[in-house]
Amino acid sequence: MEQLIGEYHVDDLIPLVKSGLALVATGDRADLRHRLQQTLGRLANPDIRVIVVGEFKQGKSKLINALVNAPVCPVDDDIATSVPTVVGFGDPASAAVLMPRTDGGPDHDGVERRAIALEDIAGFVSERGNPSNRQGLASAEVLLPRRLLADGLSIIDSPGVGGLESAHALTTLTALPTADAMLLVSDASQEYTEPELRFLRQATRIVPNVGCVLSKTDLYPQWRAVADLDRGHLSEAGIPAPLIPVSSDLRLFASQTRDVELNRESGFPELIGYLRNEVVGKAQALRRKSVAQDLLSTADHLRLSVTAELQALQDPEGVPLLLADLEEAKERADQQRKRSSRWQTTLNDGASDLISDMEHDLRDRLRSIQREAEAAIDEGDPGLVWDQFAEWLEQRVASAVSDTFVWTNERSQWLAEQVAELFALDEVPLPLLEVSSTDGVLAPVEEVPFLDPGHVSAAGKVLIGMRGSYGGVLMFGLLTGIIGMSLINPLSVGAGLLLGRKAYREDRDARLKRRQGEAKSLVRRQMDDVVFQVGKQLKDRLRLVQREIRDHFGALAEEHHRSLADSVAAAQRSASTFRQEREARITELKAQLAAIDRLHAQAGRLLPEPTQAAQPAQPAQADGDPTGVVGAPA
């Protein structure tokens with residue numbers, strides 16, 4: 001099915017890129033050919049990913065079911081999603097699960113796709129059928145023939161994170177750098193919590209489009225007041241995200257009864273309008289701009305050499321002047337090489353500083369958590385609340401790691417911009433960096449070890465008291481024996497009780513100090529493990545960022561240097577061309593130049609007009625469907 005990008009369809013853009021490849025193929029420009037092949041690959045995979053996130057039982061799965069009008073995600077009061085489920089376009093409808101490959105198979109993405117029946121999807125993606133994802137699935141995929149999905153939109157149902165500050169929230173953050181948009185779902189039972197707002201602040205720093213959905217408005221009459229409070233929280237936090245109240249149950253019922261008014265009351269037309277205009281529309285505009293920039297750059301590089309040779313052939317008397325221009329072109333090429341040396345130096349220095357700063361940031365955050373944890377341990381008996389303490393510690397560590405990786409992503413983008421400024425170009429495309437992904441960062445880190453709660457049985461308490469009282473009974477019994485009293489007498493027994501109680505208290509305090517010391521030791525060991533494992537992965541990712549930036553800008557520098565060198569060589573060839581061959585070569589070069597100009601003009605029309613006003617949001621109502629519900633139930 002055709003996908004519209006601005007005034008162009010993907011089926012129109014692909015031939016345009018292929019025509020550019022045909023022009024590049026006439027020369028020896030493997031660098032330009034590689035760039036256009038990458039452009040063609042992006043057009044062949046036009047997925048626009050929207051990830052739906054939120055805490056447990058907020059209505060994420062039912063929201064997706066209502067959007068596509070099909071029970072693709074399992075919904076129940078006691079069923080939670082355990083595996084991410086991707087809902088995209090496909091005809092006919094189908095389902096599959098994706099598993100990581102362990103046999104070194106040929107799949108480029110490292111996963112094995114296994115088809116399953118659509119009605120069996122719940123057995124693979126829910127906690128009831130696949131608790132804690134014991135089957136080790138990477139994700140599940142459901143394809144449906146829905147008009148909403150036909151433009152390349154993919155909706156991802158993520159597992160509930162059980163508290164957006166928990167370690168499980170890192171799994172959700174993993175998918176954000178590769179997503180085009182995120183929807184945070186929170187029901188209307190209460191206003192936003194601090195973890196939800198904190199998660200939203202992180203998401204706005206990673207994903208380009210963030211929207212908020214207030215679900216279950218049919219269950220809570222006070223939903224309007226909650227919506228106003230949530231909008232106030234978003235405004236105070238500086239989060240530019242729209243809040244859309246919806247009712248999935250009303251939407252599903254409206255699709256069954258074909259009730260237009262009920263569908264409008266459900267809030268889904270506004271949500272679908274947001275997805276179509278703000279998410280799909282903007283993603284397609286960015287893709288169109290990227291294609292235009294690649295084609296314009298290719299045309300400019302090709303024109304440089306063709307124009308130089310054509311000028312020399314048409315004006316043979318101006319060869320001496322042309323030779324002088326060649327010297328200037330060589331000087332420009334040398335300057336470009338010097339600029340290449342400068343950006344490489346900037347990149348290497350910036351990467352070293354970035355690694356040092358990020359390591360310090362991670363250690364500083366973890367040291368702060370360690371001091372806070374040790375202070376909490378000193379205030380009481382850690383053995384009595386160790387399970388809750390360990391959960392708190394894991395949440396704080398996960399939050400600190402997440403903050404460090406998000407900041408690392410921002411610093412990496414800043415470094416790429418600093419390198420781009422050293423290129424003498426009007427607009428230099430930046431590389432796609434995804435260092436903020438936290439996939440597997442805490443996987444090597446073991447859980448906080450068990451701490452002995454220090455419980456002492458009644459018999460143990462008696463034995464501790466008897467050990468302390470034995471010396472008191474014996475000592476005072478001997479003293480009272482001087483005056484003729486027996487070894488065991490009221491005085492010696494009383495002294496034994498007092499000393500036994502004192503011994504028990506000293507033993508209790510000693511055991512408490514020992515548990516506090518053991519707890520602090522476990523916390524320090526946990527922090528060291530996190531620093532060791534996460535620090536190693538942080539370094540690896542930053543080295544990957546450095547290589548990606550180096551390769552990206554290295555390719556740009558090579559393209560420009562190659563274009564200058566080609567123009568010099570073309571002019572030199574024209575100076576020695578025989579007169580009888582000159583006219584034929586001029587005709588050939590003019591044809592090439594005309595084709596390049598046509599490509600340049602077509603690519604220029606892909607760019608948006610500078611004064612073009614933003615189009616108003618269109619109503620999310622499908623053709624021939626009064627409720628705006630696209631497709632029949634699967």
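In this chain, residues are counted from 1 in sequence order.
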Sequence neighbours excluded, which residues qualify as side chain to side chain contact (heavy atoms under 4.5 Å, CB included) partners of Ser247? Thr217, Asp218, Asp249, Leu250

Pairwise distance CG(Leu347) to CD(Gln344) - rounded to 0.5 angstrom: 8.0 Å

Salt bridge (charged side-chain N to carboxylate O under 4.0 Å, His left out) against Asp349, all qualifying residues, sequence neighbours excluded: none

Using side chain to side chain donor-acceptor pair (under 3.5 Å) as the criterion, list what pairs up with Asp120, not counting sequence neighbours. none

Among all residues two or more places apart in sequence or in another chain, which pass the side chain to side chain donor-acceptor pair (under 3.5 Å) test with Arg201? Glu194

Between Asp157 and Ser61, the two heavy atoms sitting closest are OD2-OG, 2.8 Å

So, taking the atom named NZ in Lys520 and the one named CD in Glu518, what distance separates them when rounded to the nearest 0.5 Å? 12.5 Å

When the side chains of residues 350-360 are checked against the rest of the protein, which donor-acceptor pairs come out under 3.5 Å, sequence neighbours left out?
residue	atom	partner	partner atom	Å
Ser352	OG	Asn348	O	3.1
Asp357	OD2	Arg411	NH1	3.4
Asp357	OD2	Arg411	NH2	3.2
Glu359	OE2	Lys539	NZ	3.1

For the residue pair Ile64 and Cys73, what are the closest heavy atoms and their distance? CG2-SG, 4.1 Å

Heavy atoms of Ile377 and Pro382 approach each other most closely as CG2-CG, 4.1 Å

Where is the tightest heavy-atom contact between Leu98 and Arg113, given as atom of each residue plus distance? CD1-NH1, 3.8 Å

Just to verify, which of Ile155, Val50, Val246 counts as forming a side-chain contact (heavy atoms from CB on, under 4.5 Å) with Leu67? Ile155

If you apply the rule side-chain contact (heavy atoms from CB on, under 4.5 Å), what do you find for Thr85 with Val72, and how did you get there? CA-CA 9 Å; Thr85 305; Val72 293; 6.0 Å; no

Salt bridge (charged side-chain N to carboxylate O under 4.0 Å, His left out) partners for Arg231, two or more places apart: Asp228

Sub-4.5 Å side-chain heavy-atom contact between Thr204 and Met182: no

Gln58 side chain vs Lys216 backbone, donor-acceptor pair below 3.5 Å: no

Once you round to the nearest 0.5 Å, how far does CG of Leu184 lie from CG of Leu197? 9.0 Å

When you look at Leu63 and Leu271, which way does the side-chain contact (heavy atoms from CB on, under 4.5 Å) test go after all the steps? CA-CA 10 Å; Leu63 176 79; Leu271 177 59; 3.9 Å; yes

Residues which pass salt bridge (charged side-chain N to carboxylate O under 4.0 Å, His left out) with Asp187, listed by chain and number, not counting sequence neighbours: none

Ala376: what forms a side chain to side chain contact (heavy atoms under 4.5 Å, CB included) with it, not counting sequence neighbours? Phe389

Quick one: does Asp180's side chain get under 4.5 Å of Asn209's, heavy atoms only? no

When rounded to the nearest 0.5 angstrom, what distance separates CD in Glu191 from CD in Glu196? 10.0 Å

Any non-hydrogen side-chain atom of Gln388 less than 4.5 Å from a side-chain atom of Glu391? no

Check: Glu141 side chain, Ala96 main-chain N or O, donor-acceptor pair, under 3.5 Å: no

What's the spacing between Ile549 CD1 and Gln418 CD if we round to 0.5 Å? 11.0 Å

Roughly how far apart are Arg363 CZ and Leu366 CG, rounded to 0.5 Å? 9.0 Å

Taken in chain and number order and not counting sequence neighbours, the residues that satisfy side chain to side chain donor-acceptor pair (under 3.5 Å) with Arg514 are none

Closer than 3.5 angstrom, by distance alone: can the side chain of Arg396 be matched with the main-chain N or O of Ile369 as a donor-acceptor pair? no

Heavy-atom check, side chain of Arg547 versus side chain of Leu544, under 4.5 Å: yes

Trp386 side chain near Leu522 side chain, heavy-atom distance below 4.5 Å: yes

Partners meeting side chain to side chain contact (heavy atoms under 4.5 Å, CB included) with Gln370 (sequence neighbours left out): Glu374, Val523, Arg524, Met527

Which heavy-atom pair separates Gly211 from Tyr274 by the least distance, and what is that distance? N-OH, 3.5 Å

Measuring only between side-chain heavy atoms, which start at C-beta, is Asp230 closer than 4.5 Å to Cys212? no

Return yes when atom CZ of Arg365 has more than 12 non-hydrogen atoms of other residues, nucleotides or ligands closer than 6.0 Å, and no otherwise. yes

Starting from the C-alpha separation in whole Å, work towards a yes-or-no answer on side-chain contact (heavy atoms from CB on, under 4.5 Å) for Ile239 and Tyr192. CA-CA 13 Å; Ile239 301 173; Tyr192 281 142; over 6 Å; no

So which heavy atom on Thr404 is nearest to which on Thr408, and how close? O-OG1, 2.7 Å

With sequence neighbours excluded, tell me which residues meet side chain to side chain contact (heavy atoms under 4.5 Å, CB included) with Ala188. Leu214, Tyr220, Trp223

Before giving the answer on side-chain contact (heavy atoms from CB on, under 4.5 Å), spell out for Phe199 and Glu55 the whole-Å C-alpha distance, their side-chain angles and the decisive distance to 0.1 Å. CA-CA 11 Å; Phe199 188 85; Glu55 298 188 3; over 6 Å; no

Restricting to side chain to side chain donor-acceptor pair (under 3.5 Å), what partner residues turn up for Ser521, sequence neighbours left out? none

